[in-house]
Each structure stands twice: as structure tokens, then as C-alpha cells.
J.: 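Input: one structure, supplied below.
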Number of protein chains: 2
Amino acid sequence: MDGVREKIIDSAGRVFAERGYKSATVRQICQAAEANVAAVNYYFGDKEQLYLETVKQAHRRLTAQFPLPPWPKETEPAIKLNGFVSAMLARMIGGKAMPWEQQLMLREVLHPTNACRELVEEYFRPQLELLLSILSELLPSATPTHKQRQCAFSIIGQCLFYRIAGDIVEMMATKDDQSHFSIEQLADHITKFSLAAISETSTSEDHDSNAHPSTSLARP
Amino acid sequence: MDGVREKIIDSAGRVFAERGYKSATVRQICQAAEANVAAVNYYFGDKEQLYLETVKQAHRRLTAQFPLPPWPKETEPAIKLNGFVSAMLARMIGGKAMPWEQQLMLREVLHPTNACRELVEEYFRPQLELLLSILSELLPSATPTHKQRQCAFSIIGQCLFYRIAGDIVEMMATKDDQSHFSIEQLADHITKFSLAAISETSTSEDHDSNAHPSTSLARP
DNA sequence: ACTCAATTTAAACAGTTGTTTGAAACATTT
DNA sequence: AAATGTTTCAAACAACTGTTTAAATTGAGT
């Protein structure tokens with residue numbers, strides 16, 4: 001049996017994730033948790049401390065549910081990349097209803113609060129480091145770090161897009177599309193797209209030029 | 001001289017963009033516009049209609065400020081792609097402070113309201129169509145439409161990322177990075193990355209397989 | 001100067017917000 | 001059973017929300 005405290009955190013997670021910190025009301029939270037209005041202040045002091053506790057809990061559950069995958073020693077890096085992308089996509093738009101934990105984190109990314117700095121160090125940075133370690137096997141060892149990071153962000157950005165703009169994509173989708181936007185298909189596309197870009201990038205010479213806008217032609 | 005009505009819309013835009021619809025208060029808006037509290041209801045009826053009017057205004061200003069670029073007839077598609085990416089990045093993280101118009105649109109993307117459907121048809125879809133027309137020159141004509149769209153979304157996703165996760169990126173950045181994340185450098189990277197992926201993709205045979213999870217190995 | 005409509009204003013309204021309170025209900029120990 | 005500490009509850013609190021009202025102010029037009 002869940003204690004009242006835990007039940008409140010769970011309800012608070014859902015409500016905060018859906019409505020945001022300011023718009024969520026303690027009365028909604030307590031009603032969802034079948035608890036009295038005063039319970040929030042009794043167990044957590046005030047609304048903000050409940051929010052901080054909720055974000056921590058979200059981080060805890062996510063890292064428990066999606067541990068960093070321990071691949072066999074000599075797995076092909078391309079396989080690892082596909083696994084990473086699939087896992088990230090699954091977390092983003094996983095299954096049917098998005099778990100509130102992920103939704104809360106997304107809110108923190110978009111509009112960081114006090115609860116954010118801890119999340120960056122303990123959740124987002126390890127994920128980035130993992131991706132960078134995979135990329136380091138795919139890119140020439142001479143690749144400058146800032147280019148490695150740009151590639152990593154390009155990959156993450158492709159995944160994040162379907163979380164951010166999923167509703168808009170649906171509005172603009174044709175009947176034909178719908179069957180081609182499953183998680184597996186998207187992961188497949190993103191992996192291929194990125195692998196192609198990487199293998200090509202690694203052969204092109206980058207002179208780290210700053211006064212060389214390359215094919216600049218912003219908006220004529 | 002701005003009329004009161006226009007001044008209210010302008011203030012409302014800033015407040016709505018920063019705090020969201022629910023959290024923004026008409027008193028904050030009116031104070032910023034140096035108008036009386038009742039002015040909102042007098043000119044717009046209620047808060048929601050003011051919001052709708054504000055979103056419309058944002059769309060109007062953006063399309064005026066960033067018109068679809070009329071390239072010379074036979075411009076190289078790669079050049080067009082770079083222009084598209086640069087313009088999109090500039091709109092996303094342009095200059096110093098983001099204009100409230102863009103911020104409002106982003107909010108609609110992330111959490112669509114009643115004001116959204118019109119935006120999709122009149123603003124987002126034309127942008128997507130433009131990108132698709134550029135891609136059609138870069139991809140083999142036999143490329144299925146869903147694959148074209150996936151490529152388009154991969155490009156848009158890379159741009160969107162720096163808008164969405166810009167704060168987080170800064171938190172995780174090293175001193176080395178900072179000089180390598182200007183708009184031009186990012187546009188350069190994204191363009192090269194995507195061009196490489198596209199040219200590679202166009203050579204790979206896609207059998208449109210559904211029961212073929214390719215290199216599936218999600219999280220062992 | 002008078003009229004009449006459009007605009008602005010301060011005050012008030014009803015409803016919701018987070019939080020507090022003090023007594024009841026419960027559990028555990030003496 | 002009595003006493004003690006913990007948890008729940010309905011009610012109330014002050015502050016804030018969007019909205020309304022009715023009186024003031026303004027600005028032409030005659």
C-alpha cells in the first residue's frame with residue numbers, strides 16, 4: 001500500500017507534467033490523490049517543495065526504468081547508436097501515453113527552474129556522455145570536440161523533434177504517412193540519416209575556419 | 001502613436017510568451033501597457049479572445065519579417081538548403097533576445113490551443129512545403145514521400161533543438177565550445193550534416209520493409 | 001455652450017489560489 | 001484505559017484571479 005506521501009507525489013507528478021507548475025493547483029493534486037487539501041502543506045511544507053520532490057522522484061524513476069545499457073564489449077558502434085536512438089525515441093513518445101516523469105523533465109528543459117541544475121548533472125549529462133562515447137568510435141579520432149558535440153546534438157535534436165512537435169506533425173500528416181511513423185521506423189531513419197552524415201563528415205576536411213562562412217547565402 | 005489596443009496586444013504578446021496563457025494575468029498585461037485593468041475586456045471581450053488576437057498578430061509580424069526567400073531561378077539546391085537552415089536558426093535563436101512572436105509560436109507548437117490549427121495551415125505548413133521543395137531537388141525523384149518528410153523533420157529537428165534545449169546546452173558546455181556555437185557555425189554544421197546524410201541516403205536502396213527491423217537491438 | 005457617444009477610471013464582484021487553523025480521528029505506548 | 005504523538009479533516013484566511021459596473025473624462029459635431 002502506498003503511503004499518502006507517495007500517492008501525493010504521484011498525483012502531483014501527473015498534474016505538474018500536464019499543467020505546469022503555476023497552473024497546477026494543490027486542490028487538483030490532492031483530489032487526484034484522494035487526500036485532504038492540507039496534506040500537501042503537512043507533508044511537504046509548501047507547493048514549491050512538493051514540486052522539487054516530484055522532479056527528484058521523476059529523475060529517480062527514469063534512471064531506474066532506463067538504465068544505461070551495458071552492451072557487450074565489442075558491439076558494433078552502429079548497433080549501439082541504433083539502440084541509443086531507439087531508447088531515446090521510446091522514452092520520448094513511448095507506447096501510448098507518455099509517462100509523467102518524462103513530461104516533467106521536458107518542461108524543465110524548456111523552462112529551467114531551481115530543480116534543473118541537479119537534473120543536468122545527474123541525468124542529461126550522462127546521457128550525452130554515452131552518446132559521445134559511441135560517436136567517438138564512429139568519428140575519426142582527430143575530430144575536434146566541438147564537432148563531436150554538434151553531431152551529438154544533431155542526433156538528439158532529431159529525436160526531440162517528434163516529442164516537441166508531435167501534435168503539429170500529426171496535423172500536417174497525410175494519410176499515407178501514418179503507417180510510416182512508428183518508433184521503429186523513425187529510429188531506423190534517424191540512425192541511417194545520422195550514420196550517413198557521420199561517415200561523410202569524417203572524410204571532409206574541416207579547417208576550423210571562422211572567417212569562412214562557406215556557402216553563405218542567408219536570405220537574399 | 002500606438003493606439004491603446006495595439007499597445008495592449010504588444011504587451012500581451014510579451015507576457016503570454018514568457019508566462020504562458022494561464023499564468024499570465026490581465027493585470028500584468030495592462031500594467032505593462034500602461035492601461036486600465038478593464039481595457040482588456042473593453043477592447044477584446046475577454047482574456048481568451050485577446051490571446052487569439054495576439055497569436056494572429058505574432059503570425060502576421062513573423063511572416064512580414066521573414067518572407068519566404070525568392071531565390072534566383074536556378075540556384076543550387078545546396079545553397080537554398082543552407083539559406084533555409086540559416087533563416088530558421090536565426091528565427092529560433094536570433095540576435096540577442098528572442099522576439100515574443102517566436103516564443104509564442106513555440107508555445108503553440110508544444111501545447112496546441114484553439115489558436116493552433118490556423119497557424120499550422122498558414123505558417124508552419126508553407127515552411128515545410130518550401131523545405132520539401134528544396135529536398136526534392138536533392139533526393140532521387142523516386143524517393144517515397146514519407147521518406148522526404150522524415151528528412152525534412154530531421155533537418156527541422158536539428159534547428160529546433162538549439163531553441164528548445166539552448167539553456168541546457170549552455171549548462172553542459174565547456175569553455176572550448178562557446179566560440180563554436182554561433183548561428184553561422186551551427187547553420188554550417190547542420191547543412192553539411194544533412195547534405196551528407198541525404199546524398200548517402202539517396203544511394204541506399206530502401207525496400208520499404210515493415211517486418212524488417214534492420215539492425216534492431218534496442219536495449220539488451 | 002450643449003449634446004452625445006466613445007473612452008478611461010476606480011471600485012467592487014464572485015470565484016479561485018496557497019496556506020493556516022483547531023478540533024476530530026487514529027495509532028501506539030504507558 | 002489513559003496518555004501521547006501522529007495523521008486527517010472541514011472550515012476559514014488573505015491574496016489574487018477575470019470580469020463587471022457605474023461614474024468620470026475626453027473629444028467631436030452642432
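Within every chain, numbering begins at 1; the chains are lettered A, B, ... in the order of the sequence lines, protein sequences first and strands thereafter.
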J.: Nearest whole angstrom, please: distance from the P of C:dT19 to the CD1 of A:I8.
T.: 13 Å

J.: Judged by each residue's nearest nucleotide on DNA chain D, which is more toward the 5′ side, B:Q28 or B:A38?
T.: B:Q28

J.: Please report, rounded to the nearest Å, how far the C1' atom of D:dA22 is from the CG atom of B:N41.
T.: 15 Å

J.: What's the CD-C1' distance between B:Q31 and C:dT9, to the nearest Å?
T.: 16 Å

J.: Name the closest nucleotide to the B:V26 side chain, picking from C:dT21, D:dG18, C:dA10.
T.: D:dG18

J.: Does the side chain of B:Y42 get closer than 4.0 angstrom to OP1 or OP2 of D:dT20 through an N or O atom?
T.: no

J.: Which part of the nucleic acid, if any, lies within contact of A:Y43, taking any heavy atom under 4.0 Å across all strands shown: a base, the sugar-phosphate backbone alone, or nothing?
T.: sugar-phosphate

J.: Just N and O in the side chain of A:N36: are any of them under 4.0 Å from OP1 or OP2 of D:dA10?
T.: yes

J.: Please compare A:G45 and B:A39 by the position of their nearest nucleotide in DNA chain C and report the one closer to 5'.
T.: B:A39

J.: Rounded to whole angstrom units, what separation is found between the CD atom of A:E34 and the P atom of D:dA10?
T.: 13 Å

J.: I need the CG-C1' distance between B:D46 and D:dT17, as an integer number of Å.
T.: 14 Å

J.: For the pair A:F153 and B:Y162, name the ring-plane relationship: parallel under 30°, tilted 30 to 60°, perpendicular over 60°.
T.: perpendicular

J.: Out of D:dT21, C:dT8, C:dA12, which has the shortest distance to the side chain of B:V4?
T.: C:dT8

J.: Picking from B:E122, B:Q127, B:E121, B:E129, what satisfies side chain to side chain donor-acceptor pair (under 3.5 Å) with B:R125?
T.: B:E121

J.: Starting from C1' on C:dT16, measure out to NZ on A:K22 and report it in whole angstrom.
T.: 12 Å

J.: Among the candidates C:dG18, D:dT21, C:dT7, find the nucleotide nearest to the side-chain atoms of A:T25.
T.: C:dG18

J.: Round to a whole Å and report the spacing from CD1 of B:I29 to P of D:dT17.
T.: 11 Å

J.: Between A:E101 and A:R60 (salt bridge meaning N to carboxylate O under 4.0 Å), is one present in this structure?
T.: no

J.: Can you tell me the distance, in whole Å, between the CZ atom of A:R19 and the P atom of C:dG18?
T.: 11 Å

J.: Going by the angle between their ring planes, with limits at 30° and 60°, are A:F16 and A:Y21 parallel, tilted or perpendicular?
T.: parallel

J.: Using a strict cut-off of less than 4.0 Å between a Lys/Arg side-chain nitrogen and an Asp/Glu carboxylate oxygen, indicate whether B:R5 and B:D10 qualify as a salt bridge.
T.: no

